[in-house]
Amino acid sequence: MPELPDVETWRRYVDATSLHHRIGRIDIDAPRMLQGVSRQTLRARLQGDAFESTTRHGKHLFLRLESGPWLMLHFGMTGRLNYFKDPDGVPSHTRLLIHFDNGFHLACVWRRRLGRIGLVDDPASFVREERLGPDAYEPGIELAEFKAMLHGRRGSVKSALMNQRFLAGIGNIYSDEILFQARLHPRSRCQRLDSQELAVLHRAIGHVLRIAIERQADPERLPQSWLLVNRRERGECPRCGAPLAHMAIAGRTAYYCPDCQREQQ
DNA sequence: CCTATAGCCTGACGGC
DNA sequence: TGCCGTCAGGCTATAG
């Protein structure tokens, strides 16, 4: 689930649950998920420390330790967090388990091991090194800058939106929603968008992300007028009722309404 | 630059 | 019911 709204929701979850508790034991079962840090080092740096704040860039979540460095979590396709007390309540597929001195635990859970766990000195440096684009939501991109970013870009709008080095945080699902609300066909070319279309797209990005975060990225709570609520085989367009279509774009399945999102000539 | 493909992982689902 | 292929809200390496 983890696109920007989900990760932001978990960031707030960490803020509400896991700050300022002394960290005791650490259990790590994350082969091939550790990025630039060994099990031993990760364990040694976390034990006895405490999280003091969080930040997020795109789909990356950072938890700051009192001693300075930040725990970095990337959720891949299946990652999630769970803060709980019952010692028998460890979720299956917990890859990193943090025990706090208040008797609670924070489980970092990935069903598929496609996520990342790291320890970084500074999120801003990490973002630079990974060459991630600006966060798609905060602090917000001015329309003029957005137009400049897309100017001269080859390829489809959908692949640009999903490219983390262009804009960080948007994935397959939310790019479909943004294109639906902007009434752009997912195969639309960046270069072919006129000023009006760019403005509508820019607004749709901000709107979709804001509402999704407000609703805690919970599909049950998202507006029924959204594509992603009906985004499935044989789903219908919430606006006009037409059967949704899908096609492969940039290696992912794009859903769209063939009536509301007409392809450019 | 950009696209397409395979691969990394694991479980759910549909068809037979 | 069981087996098997396919697919999935991500990303990287590779080749063209």
Side-chain angles (χ1 to χ4, degrees), chain A residues 1-11 29-36 56-61 72-81 91-96 108-118 126-127 129-133 135-137 148-181 186-193 205 208-209 211-213 215-222 226-235 244 246-256:
Chain A
M1 318 165 165
E3 296 184 35
L4 190 155
D6 310 84
V7 180
E8 176 62 19
T9 300
W10 282 317
R11 191 190 69 73
D29 170 27
R32 295 180 298 285
M33 295 178 66
L34 298 183
Q35 183 172 356
R56 179 191 58 69
H57 188 93
K59 302 173 188 174
H60 291 268
L61 176 61
M72 180 278 288
L73 299 176
H74 183 274
F75 293 91
M77 291 176 84
T78 61
R80 62 189 177 86
L81 299 178
S92 49
H93 313 297
T94 295
R95 313 298 184 187
L96 173 63
C108 308
V109 182
W110 286 260
R111 203 183 67 211
R112 297 156 69 187
R113 298 174 197 264
L114 294 177
R116 290 285 182 191
I117 301 169
F126 178 86
V127 165
E129 284 157 21
E130 299 282 312
R131 296 194 290 144
L132 295 175
D135 188 83
Y137 186 60
M149 286 168 64
L150 274 155
H151 184 75
R153 245 194 113 80
R154 288 179 289 156
S156 69
V157 188
K158 176 158 171 86
S159 54
L161 290 178
M162 289 194 299
N163 184 339
Q164 302 304 298
R165 289 181 168 163
F166 173 69
L167 203 56
I170 297 170
N172 196 28
I173 291 287
Y174 282 98
S175 62
D176 277 357
E177 186 64 43
I178 288 163
L179 291 171
F180 173 70
Q181 296 199 17
R187 214 156 43 190
S188 307
R189 307 266 110 192
C190 296
Q191 290 177 319
R192 303 274 307 273
L193 299 186
I205 291 171
V208 165
L209 296 178
I211 301 296
I213 290 167
R215 311 288 173 95
Q216 298 169 309
D218 178 354
E220 305 264 301
R221 302 175 57 188
L222 294 176
W226 280 25
L227 174 83
L228 73 80
V229 175
N230 302 282
R231 190 186 177 282
R232 60 178 173 274
E233 203 78 40
R234 286 181 291 282
L244 296 180
H246 57 84
M247 62 168 58
I249 296 187
R252 315 301 304 280
T253 303
Y255 279 81
Y256 64 101

**Short side-chain N/O contact to C/dA8 OP1/OP2 from A/R112, under 4.0 Å** = no
**Asked** Can you check whether A/V127 reaches A/D135 side chain to side chain, under 4.5 Å on heavy atoms?
**Response** no
**Complete:** Among C/dT12, B/dT3, C/dG10, the one nearest any side-chain atom of A/K59 is C/dG10
**Prompt:** Roughly how many Å is it from CZ in A/R189 to P in B/dC2, rounded to a whole number?
**Reply:** 11 Å
**P spacing across the pair C/dG10 / B/dC1, given as an integer number of angstrom** = 23 Å
**Message:** Can you see if the side chain of A/R252 gets near the phosphate of C/dA8 - specifically, an N or O under 4.0 Å from OP1 or OP2?
**Reply:** no
**Prompt:** Hey, are the side chains of A/L227 and A/L179 touching, using non-hydrogen atoms and a 4.5 Å cut-off?
**Reply:** no
**Request:** Starting at atom CD1 of A/I249, determine the distance to atom P of B/dA4, rounded to an integer number of angstrom.
**Result:** 9 Å
**Item:** Nearest-angstrom distance, P atom, B/dC8 to C/dC3
**Value:** 24 Å
**Message:** Looking at A/H74, I'd like to know whether one of its side-chain N or O atoms comes within less than 4.0 Å of OP1 or OP2 on C/dG10.
**Reply:** no
**Request:** Name the closest nucleotide to the A/R111 side chain, picking from B/dT10, C/dC11, C/dT12.
**Result:** B/dT10
**Item:** Given DNA chain B, 5'-ward residue of the pair A/R131 and A/G251, judged by closest heavy atom
**Value:** A/R131
**Prompt:** What is the distance from CE of A/M77 to P of B/dG7, rounded to the nearest Å?
**Reply:** 17 Å
**Message:** In whole Å, measure the gap between the P atoms of B/dT5 and C/dT6 for me.
**Reply:** 15 Å
**Asked** Hey, does A/R154 reach any base, or is it just sugar-phosphate, or nothing, if we go heavy atoms under 4.0 Å?
**Response** base
**Rounded distance in Å - CZ (A/R187) to P (B/dC2)** = 19 Å
**Message:** Could you tell me if the side chain of A/H246 sits less than 4.5 Å from the side chain of A/D176, heavy atoms only?
**Reply:** no
**Item:** Rounded distance in Å - CG (A/N163) to P (B/dA4)
**Value:** 14 Å
**Fill in**
With A/E8 as partner, the option from A/Q216, A/K59, A/R56 fulfilling side-chain hydrogen bond (donor to acceptor under 3.5 Å, both in side chains) is A/R56
**Prompt:** Reckon A/T78 has a side-chain N or O less than 4.0 Å from the OP1 or OP2 of C/dA8?
**Reply:** no
**Asked** Taking atom C1' of C/dG10 as reference, at what distance in whole Å does atom CG of A/L161 sit?
**Response** 16 Å
**Request:** Would you mind classifying the nucleic acid contact of A/S175 as base, sugar-phosphate or nothing, using non-hydrogen atoms under 4.0 angstrom?
**Result:** nothing
**Fill in**
Per atom distances to the A/Q164 side chain, the nearest of B/dT10, C/dA8, C/dC11 is C/dC11
**Prompt:** Roughly how far apart are A/K158 NZ and A/R252 CZ, rounded to 0.5 Å?
**Reply:** 7.5 Å
**Message:** Using whole Å, what does the distance between atom C1' of nucleotide C/dG10 and atom CG of A/L4 come to?
**Reply:** 14 Å
**Asked** Across the strands shown, which category fits A/R153 at heavy-atom distances under 4.0 angstrom: base, sugar-phosphate, nothing?
**Response** sugar-phosphate
**Prompt:** Does a sphere of radius 6.0 Å around CD in A/E220 hold more than 12 heavy atoms from other residues, nucleotides or ligands, not counting ones at 6.0 Å or beyond?
**Reply:** no
**Item:** A/R232 CZ to B/dA12 P, straight-line distance once rounded to whole Å
**Value:** 20 Å
